[in-house]
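Heads up, the thing below is written out as C-alpha cells.
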Amino acid sequence: MTHSKIVFLVLLSLFSTYSFSADPGITALTLTTNEDGTQTYSVTLQILALMTALTLLPAMLMMMTSFTRILIVFSILRQAMGLQQVPSNQIILGLSLFLTIFIMSPVFEKVNEQAIQPYMNEQLGPIDAVKKASEPFRQFMLGQTREDDINLFVRISGKQYDSIDDISFWVLMPAFVTSELKTAFQIGFILFLPFLIMDLVVASVLMAMGMMMLSPVIISLPFKIMFFVLIDGWALIIGTLAASYGV
C-alpha cells in the first residue's frame with residue numbers, strides 16, 4: 001500500500017469518527033403551525049431572510065423615500081454653478097442621506113410604532129409586521145405621486161383597480177420614482193436659470209471687450225459662488241426641498 005493511500009484511509013477514518021460523534025447543529029428550517037392556521041418559520045430562516053432583505057436596502061432607499069429628488073437637485077446645482085467636484089460626491093451623498101432621514105422621520109416613527117415595536121414584543125408575526133410597515137410608506141408615496149404617472153403604470157400593468165387605495169405596491173413604486181424624477185428636474189431647471197443668466201451676461205461683456213478667446217465660465221464662476229453665498233443658497237435650497245414634502 002502506497003503512502004498516499006495510507007494517508008487517505010487515516011483521514012477517512014477521522015472524518016467518519018467526527019461525523020458520528022459530533023453534536024447535531026442548528027436546525028436549518030422549522031415550520032410551526034399556529035392555532036389560527038398560520039405558519040411561522042424558525043428564527044434561523046427569519047434571520048436569513050432578513051440578511052437577504054438588507055441587500056435590497058439601497059434600492060428601497062431610492063424607490064420609497066425622498067432620496068432621489070434631493071440627490072438629483074444637488075447634482076444639478078453643482079453642474080449649474082460650474083463646479084465639477086465641489087462639493088464632492090461623498091458630501092452630496094451624505095447630505096442627501098441625512099436630509100432624507102430628516103424628511104422621512106415621521107414615516108419612520110410610524111413604522112417603528114405600528115410594526116417594529118409590536119413585532120419585537122411578539123404581538124405581530126413577520127408577515128403582518130411587513131404589511132404594517134408598508135402602510136406609512138404607501139401613504140407617503142401616494143401623497144407625492146402624480147395621478148398621471150399612476151394611470152400610466154396601471155395601464156402598463158394591464159390591471160384594473162376600483163380605487164387608488166387598492167393599487168399594488170409594485171405599481172405605486174415606479175410611479176412614485178417617475179414623479180420624483182420629474183419634480184427634481186423641474187426644480188433643477190429653476191436653479192439653472194440665474195446661473196445661466198450670469199453666464200450670458202459675462203459672455204456678452206467679454207465679447208464686447210474683444211476677449212472672445214477667454215472662457216466665460218472662468219470669469220463667471222467667482223460671481224456665481226459669491227451670489228450663492230450672499231443669498232444663503234444652501235439654506236434656501238434645503239428649506240425648499242423640505243417644504244416640497246410638507247415638512
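In this text, all values refer to a predicted model and were calculated from it rather than measured experimentally. Below, all heavy atoms of this structure are taken into account, side chains as well, without hydrogens, waters or symmetry copies.
- To the nearest 0.5 Å, the span separating OG on S204 from CE on M209 amounts to 13.0 Å.
- In this structure a side-chain-to-backbone donor-acceptor pair under 3.5 Å is missing from N112 to F108.
- Counting non-hydrogen atoms of neighbouring residues, nucleotides and ligands closer than 6.0 angstrom, the CZ atom of F189 reaches no more than 12 such neighbours.
- Here K132 pairs with nothing under the salt bridge (charged side-chain N to carboxylate O under 4.0 Å, His left out) rule; sequence neighbours left out.
- Once rounded to the nearest 0.5 Å, the distance linking CD of Q144 with CZ of F176 reads 6.5 Å.
- When hydrophobic clusters are built by joining Ile, Leu, Val, Met, Phe, Trp and Tyr residues whose side-chain heavy atoms come closer than 4.5 Å, directly or via intermediates, I156 is grouped together with V154.
- No more than 12 heavy atoms of other residues, nucleotides or ligands lie within 6.0 Å of CD in E147, so this atom counts as exposed by the packing criterion.
- Here the OG atom belonging to S220 is positioned 10.5 Å from the CZ atom belonging to F195, to the nearest 0.5 angstrom.
- Scanning all heavy atoms of the two residues, the minimum distance from A133 to V111 falls at O-CG2, 3.5 Å.
- For the pair F185/I76, a side-chain contact is recorded, criterion being any heavy-atom separation below 4.5 Å from C-beta on.
- Two residues are said to be in side-chain contact when any heavy atoms from C-beta on lie closer than 4.5 Å; F153 and I167 fail this criterion.
- Atom CZ of F74 sits about 5.5 Å away from atom CG of L99, to the nearest 0.5 Å.
- Put simply, I190 and V73 are part of two different groups of oily side chains (I, L, V, M, F, W, Y) that touch within less than 4.5 Å, one to the next.
- When the side chains of ILVMFWY residues are joined at heavy-atom separations under 4.5 Å, either directly or via intervening members, W170 and L181 end up in a single hydrophobic cluster.
- Residues satisfying the salt bridge (charged side-chain N to carboxylate O under 4.0 Å, His left out) criterion with D199, sequence neighbours excluded, are K224.
- Looking at every heavy atom in both residues, L83 comes nearest to R78 through O-CG, 2.9 Å.
- A heavy-atom distance below 4.5 Å is not found between the side chains of I101 and T65.
- A distance below 6.0 Å separates the ring centres of F140 and Y245.
- No side-chain donor-acceptor contact under 3.5 Å links S88 to the backbone of Q85.
- Residue pairs meeting the salt bridge (charged side-chain N to carboxylate O under 4.0 Å, His left out) criterion with at least one member in residues 67-76, sequence neighbours excluded: R69-E180.
- The shortest distance between side-chain heavy atoms of L142 and I150 falls below 4.5 Å.
- The ring pair (Phe, Tyr, Trp, His ring centres under 6.0 Å) pairs that include a residue from residues 208-232 are F228-W234, where partners are two or more places apart or lie in different chains.
- The CZ atom of F137 lies 12.5 Å from the CD atom of Q139; values are rounded to the nearest 0.5 Å.
- Residues in residues 182-194 take part in these side-chain hydrogen bond (donor to acceptor under 3.5 Å, both in side chains) pairs, two or more places apart or across chains: R146-T183, R146-Q186.
- Residues passing the side-chain hydrogen bond (donor to acceptor under 3.5 Å, both in side chains) test with R138: none are found, sequence neighbours excluded.
- Between the side chains of S179 and D149, at least one donor N or O sits under 3.5 Å from an acceptor N or O.
- The nearest pair of heavy atoms linking I231 to L236 is O-CD1, 3.2 Å.
- When every heavy atom of F67 is checked against every heavy atom of L97, the shortest pair comes out as CE1-N, 3.9 Å.
- Around the CD atom of E113, the shell of radius 6.0 Å holds no more than 12 heavy atoms that belong to other residues, nucleotides or ligands.
- Considering only heavy atoms from C-beta on, I103 comes within 4.5 Å of I70 through its side chain.
- There is no path of hydrophobic side-chain contacts, each under 4.5 Å, that joins L221 to L196.
- When all heavy atoms are compared, the tightest approach of P174 to T178 is O-OG1, 2.8 Å.
- From T100, atom OG1 reaches atom CE of M64 across 13.5 Å, with rounding to the nearest 0.5 Å.
- There is no path of hydrophobic side-chain contacts, each under 4.5 Å, that joins I91 to L93.
- Contact check for L241 versus I187: side-chain heavy atoms found under the 4.5 Å cut-off.
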